[in-house]
There are 2 protein chains.
Amino acid sequence: MDPIIQNISKHITLTPEEEQLFLSKTEIRHYKAKTMLHHAGQVCKESYFVNSGLIRSFNINDNIVEHVLSFACDGWWISDMYSLLSQKPGNLFIEVLEDSEVMVLSKENQDQLYLEIPKLERFFRILIENSLVANQERLMDNLSLTAEERFDKFCKRYPTLLQQVPQKQIASYIGVTPEFFSKMKARMLKK
Amino acid sequence: MDPIIQNISKHITLTPEEEQLFLSKTEIRHYKAKTMLHHAGQVCKESYFVNSGLIRSFNINDNIVEHVLSFACDGWWISDMYSLLSQKPGNLFIEVLEDSEVMVLSKENQDQLYLEIPKLERFFRILIENSLVANQERLMDNLSLTAEERFDKFCKRYPTLLQQVPQKQIASYIGVTPEFFSKMKARMLKK
DNA sequence: GATTACACTTAATGTAGGTTAAGAAATGGG
DNA sequence: CCCATTTCTTAACCTACATTAAGTGTAATC
């Protein structure tokens, strides 16, 4: 079964016809590492479901400093939610980190699908609820935990990413500089 | 018109019967300041829509330190989303800050309403989408802005809260200690 | 009307994490 | 295979913010 259909059927049940309709509104694309799927300043028109590979979203400070908002590996969705929903220019970049196969769902098609398969409202609601909960936890963690504790949590929650992602991007995700991360890692290994 | 119905009709259109059905599943309650609507460690059974007053959610570190996750004033929803959705014990406390009138929607009734008025899936989807976008922005702000910049943004985004909320809770919301916040405020006034 | 409790301030000192810079290691494209 | 670029490390120094502690103002409770 198509991974995206499998993903959907975790939360709602589609008929075979609905599955076909859904798939007909998506598009498979293959991207090479380092491809930019979306640029800050542009209006985001689509969201991506990762069949295989690895993608990240991040913003860039006045200062040239990158901050990773999220990673998406197999079975995850990624987009610039703010820009996609408001159809205004966003602040995020979306970049392919490893050669990837993605399912592309345009905003237009997504809006149509909501009308044609109202159950999808529920699916995306649940998807976003889970996202929100994870985000809230990350926010609280950033307010209350040390960098070391945040890194521990990251390791437990995303053990695969640890191998895949360049270390400086993990540093950025947990909210420290690469230099400090390196020092911290060395310190942690001694224990 | 009932504020909660007004809130809903910003995003979807309900028939008069649906409005009545919705209202019949909610309950008005009046709370005094300092009431705890939800305790960490408990399973959250309801969410709250604030007709008037002020409510906050926060967690408490091992260390007795409070961290404010969100404020809810007139026209806002608040709950412990993680606990409500998973029906597991949560980490949040929900506390009434000013005498408040709230509409209470139990999880049970909410789930029923999803079945009886499927349009509500859309309403809550949109509500949570907006929440997620705001949360993502706050996360990125915490990673990339100074305390002073975060405070500026807070003032612009929630000008009313500034007057209502004790200063130490604003400090907690933007992620600094009350002592540092006090010093920072004095420094900012000089400019 | 005194007492308690809480919110806010100020100031001295401490530290997690940032900055700068330079070299070493790894990666990758031609 | 080599050169170029990027990633990672190390170290000296710096700063935004935390901690501790003591003092002030004010509202709530008896």
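Numbered from 1 within each chain, the chains take letters A, B, ... in sequence-line order. Fair warning: this is a prediction, and the values are worked out from it, not measured in the lab.
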Nearest-neighbour nucleotide for the A:T146 side chain, C:dG17, D:dC17, D:dT10 considered: C:dG17
Taken to the nearest 0.5 Å, the spacing of A:F124 CZ from A:S131 OG works out to 12.0 Å
Looking at A:K185, I'd like to know whether one of its side-chain N or O atoms comes within less than 4.0 Å of OP1 or OP2 on D:dT9. yes
Comparing B:K34 with B:T177, nearest DNA chain D nucleotide closer to 5' gives the residue B:T177
With respect to the phosphate group of D:dA16, does any side-chain polar atom (N or O) of B:R150 fall under 4.0 Å of OP1 or OP2? no
Write down the atom of B:S106, the atom of B:N109, and the distance for their closest heavy-atom approach. OG-N, 3.0 Å
Looking at C:dC8, D:dT7, D:dA18, which one has an atom nearest to any side-chain atom of B:K168? C:dC8
Pairing pattern in dot-bracket form [Watson-Crick, G-U; both distances under 3.5 Å; | = partner strand] for DNA chain C: ||||||||||||||||||||||||||||||
Could you tell me whether A:F93 and A:H39 have their ring centroids closer than 6.0 angstrom? yes
Should B:Q167 be listed as having a side-chain N or O under 4.0 Å from OP1 or OP2 of C:dT9? yes
Of the nucleotides D:dT20, D:dA18, C:dT20, which one has an atom closest to the side chain of B:V176? D:dA18
Given the ring of B:Y48, does B:R29 sit roughly above its face, with NZ or CZ under 6.0 Å from the centre of the six-membered ring and within 45° of the axis? no
Of B:E148 and A:P166, whose nearest nucleotide on DNA chain D comes first from the 5' end? A:P166
Of the nucleotides C:dG17, C:dT20, D:dC17, which has the atom closest to the B:F180 side chain? D:dC17
Would the B:Y158 and B:F71 ring centres measure less than 6.0 Å apart? no
Is B:S182 close enough to C:dC8 that one of its side-chain N or O atoms is under 4.0 Å from OP1 or OP2 there? no
Using 0.5 Å steps for rounding, measure from the OG atom of B:S70 to the CZ atom of B:R138. 7.5 Å
Axial cation check for B:Y114 ring with A:R125, 6.0 Å and 45° limits: yes
So, is B:R187 near the phosphate of C:dT10, with a side-chain N or O under 4.0 Å from OP1 or OP2? no
When you get a sec, tell me which of D:dA18, C:dG18, C:dT10 is the closest nucleotide to the side chain of B:A186? C:dT10
